[in-house]
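Within every chain, numbering begins at 1; the chains are lettered A, B, ... in the order of the sequence lines, protein sequences first and strands thereafter.
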There are 2 protein chains.
Amino acid sequence: MQKLTAQRQAILDIINRSDKHWDADEVAFKLKEKGISIGIATVYRGLAALAEQGLIESIQLADKKRYERADKSHHDHLICTECGAIEEFCKPEIETLQDKVAAERGFKIQGHQLLLFGLCIGCKAGES
Amino acid sequence: MQKLTAQRQAILDIINRSDKHWDADEVAFKLKEKGISIGIATVYRGLAALAEQGLIESIQLADKKRYERADKSHHDHLICTECGAIEEFCKPEIETLQDKVAAERGFKIQGHQLLLFGLCIGCKAGES
DNA sequence: TAGCGAATGATAATCATTATCACTATCATC
DNA sequence: GATGATAGTGATAATGATTATCATTCGCTA
Ligand SMILES: [Mn+2]
Ligand SMILES: [Mn+2]
Ligand SMILES: [Zn+2]
Ligand SMILES: [Zn+2]
């Protein structure tokens with residue numbers, strides 16, 4: 001019985017109002033900017049609780065977790081190794097092939113994570 | 001000019017002699033078991049150096065890096081969320097589709113990471 | 001043999017995240 | 001309205017993987 005407290009609502013609002021992929025510190029900073037004071041531990045707990053309830057989505061990057069709105073359809077991510085930009089894509093054929101791979105070896109899929117690393121179109125242009 | 005020192009050779013031997021996906025602690029433990037004394041910092045540095053030279057492969061799991069032999073062809077991983085088992089698979093069609101996605105948006109791919117999470121065949125059987 | 005760059009090892013530091021713990025808010029029941 | 005049960009909060013300590021520091025040592029090459 002997780003509660004949607006005022007603190008969690010504030011966190012949810014921030015994430016729902018943007019297309020960004022937020023980490024805990026960024027959310028905490030934004031809250032402070034808006035004059036809302038929430039302890040950093042509460043931000044972490046709030047993000048975890050919201051994700052558990054499906055109110056936001058989480059993606060695990062190498063070093064840290066990031067959270068985004070849940071009202072988008074499923075997608076995976078392209079990550080620019082130069083500027084850190086995160087783009088999104090959806091390729092149902094890939095998902096189908098993933099299911100096939102799992103089925104072939106009796107593996108029951110619970111989730112997946114596909115990250116494509118490289119240079120975004122902007123950073124590619126500015127290469128030597 | 002990275003050197004293949006005795007310490008790094010010892011680390012390389014351990015990894016090359018198995019099909020496991022090793023983390024730094026496991027390598028350090030195995031070294032101790034074999035009576036070889038290498039500082040943990042050197043193990044971390046050695047693994048990074050070997051990976052940089054392409055002598056071993058690295059995969060980044062949620063919390064930690066793991067290393068494996070480099071003399072296998074490219075593959076991705078299925079990870080059992082119950083027992084931690086790591087299986088491998090190769091699906092060239094998926095790789096092709098990834099390249100297509102990247103090409104479509106002018107993204108220059110440098111690498112990718114595809115993890116399928118779920119229950120391995122053994123753990124699936126033992127579910128309630 | 002002297003000098004130099006790279007490596008080593010012990011240990012401190014970092015960084016994201018989680019655990020602790022005392023305190024508080026919420027809500028149902030008496 | 002008082003009382004408990006339960007969950008949440010916030011300050012802060014702890015954790016765990018990894019990296020940084022730094023004095024010392026190794027392996028070469030001039
Ligand atoms: Mn996204
Ligand atoms: Mn593998
Ligand atoms: Zn970029
Ligand atoms: Zn399993």
Side-chain angles (χ1 to χ4, degrees), chain A residues 1-15 20-68 79 81 84 86 113 115, chain B residues 1-15 20-68 79 81 84 86 113 115:
Chain A
M1 54 242 57
Q2 308 239 80
K3 295 178 184 172
L4 188 54
T5 63
Q7 288 90 336
R8 291 178 184 174
Q9 186 61 249
I11 293 169
L12 182 55
D13 283 347
I14 286 175
I15 290 174
K20 294 209 288 198
H21 300 80
W22 301 78
D23 68 23
D25 272 326
E26 290 167 348
V27 171
F29 184 79
K30 186 71 175 177
L31 285 165
K32 204 169 296 174
E33 229 179 41
K34 293 173 70 172
I36 302 168
S37 168
I38 300 184
I40 185 65
T42 300
V43 173
Y44 273 101
R45 279 183 300 228
L47 288 168
L50 291 169
E52 207 171 320
Q53 296 173 256
L55 297 175
I56 58 177
E57 282 296 316
S58 78
I59 64 173
Q60 169 76 52
L61 301 191
D63 45 338
K64 60 173 63 168
K65 256 186 191 133
R66 287 184 175 276
Y67 298 84
E68 64 178 317
I79 297 169
T81 55
I86 301 179
Q113 177 188 68
L115 301 176
Chain B
M1 54 239 60
Q2 309 240 78
K3 297 178 182 170
L4 187 54
T5 63
Q7 287 90 337
R8 290 178 184 175
Q9 186 63 59
I11 293 169
L12 182 55
D13 284 347
I14 286 175
I15 291 174
K20 293 208 287 198
H21 300 81
W22 300 78
D23 67 25
D25 272 326
E26 289 167 349
V27 171
F29 185 80
K30 187 70 176 180
L31 285 165
K32 203 168 296 172
E33 229 178 43
K34 293 173 71 172
I36 302 169
S37 167
I38 299 183
I40 185 66
T42 300
V43 173
Y44 273 101
R45 280 183 300 230
L47 288 168
L50 292 168
E52 206 172 321
Q53 296 173 257
L55 297 175
I56 58 177
E57 282 296 317
S58 79
I59 64 173
Q60 170 75 52
L61 301 192
D63 45 338
K64 62 173 62 167
K65 256 186 192 134
R66 288 185 174 275
Y67 298 85
E68 64 178 316
I79 297 168
T81 55
I86 300 180
Q113 176 191 69
L115 301 176

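Between B:Leu4 and A:Ala41, it is B:Leu4 whose nearest contact on DNA chain C lies nearer the 5' terminus. Place A:Gly39 and B:Ala48 on DNA chain D by their nearest nucleotides, and A:Gly39 ends up nearer the 5' end.
For A:Lys3, the side-chain atoms get nearest to D:dA7 when compared with the rest of D:dA7, D:dT9, C:dT8. With C:dA6, C:dT8, C:dT17 as the choices, the nucleotide that has an atom nearest any side-chain atom of B:Met1 turns out to be C:dA6. For A:Ile38, the listed nucleotide lying nearest its side chain is D:dG10; candidates were D:dT6, D:dG10, C:dA16.
Taking CD of B:Glu68 as the start and CD of B:Glu57 as the end, the distance is 6.5 Å to the nearest 0.5 Å.
Counting any heavy atom pair closer than 4.0 Å across all strands shown, A:Asp63 reaches sugar-phosphate atoms only and no base atom.
With rounding to whole Å, B:Leu31 atom CG is found 10 Å from C:dG9 atom P. Per the geometry, CD1 belonging to B:Ile40 stands 10 Å off C1' belonging to D:dA17, to the nearest Å. The separation between B:Ile11 atom CD1 and C:dT8 atom P is 8 Å, rounded to whole Å. Per the geometry, CD belonging to B:Glu26 stands 11 Å off P belonging to D:dT18, to the nearest Å. In this entry the distance linking CG of A:Leu47 with P of C:dA16 reads 14 Å, nearest Å. In this entry the distance linking NZ of A:Lys65 with C1' of D:dA17 reads 15 Å, nearest Å. B:Lys32 places its NZ atom 13 Å from the C1' atom of C:dG9, with the value rounded to the nearest Å. The separation between A:Gln7 atom CD and C:dT26 atom P is 9 Å, rounded to whole Å.
Atom NZ of A:Lys32 has 12 or fewer neighbouring heavy atoms from other residues, nucleotides or ligands inside a 6.0 Å radius.
At the phosphate of D:dG10, OP1 or OP2 sits under 4.0 Å from a side-chain N or O atom of A:Thr42. At the phosphate of D:dT19, neither OP1 nor OP2 sits under 4.0 Å from any side-chain N or O atom of B:Arg45. Residue A:Thr5 has a polar side-chain atom (N or O) positioned under 4.0 Å from OP1 or OP2 of D:dT9. Between A:Tyr44 and C:dT17 there is a side-chain polar atom (N or O) within less than 4.0 angstrom of OP1 or OP2.
Here the rule is side-chain contact (heavy atoms from CB on, under 4.5 Å) with A:Ile36, and of A:Ile11, A:Ile14, A:Leu31 only A:Leu31 fits it.
Listed by first and then second residue, the side chain to side chain donor-acceptor pair (under 3.5 Å) pairs that reach into residues 39-48 of chain B are B:Thr42-B:Arg45, sequence neighbours excluded.
Here the closest non-hydrogen pair linking A:Ile38 and A:Ala10 is CD1-CB, 4.3 Å.
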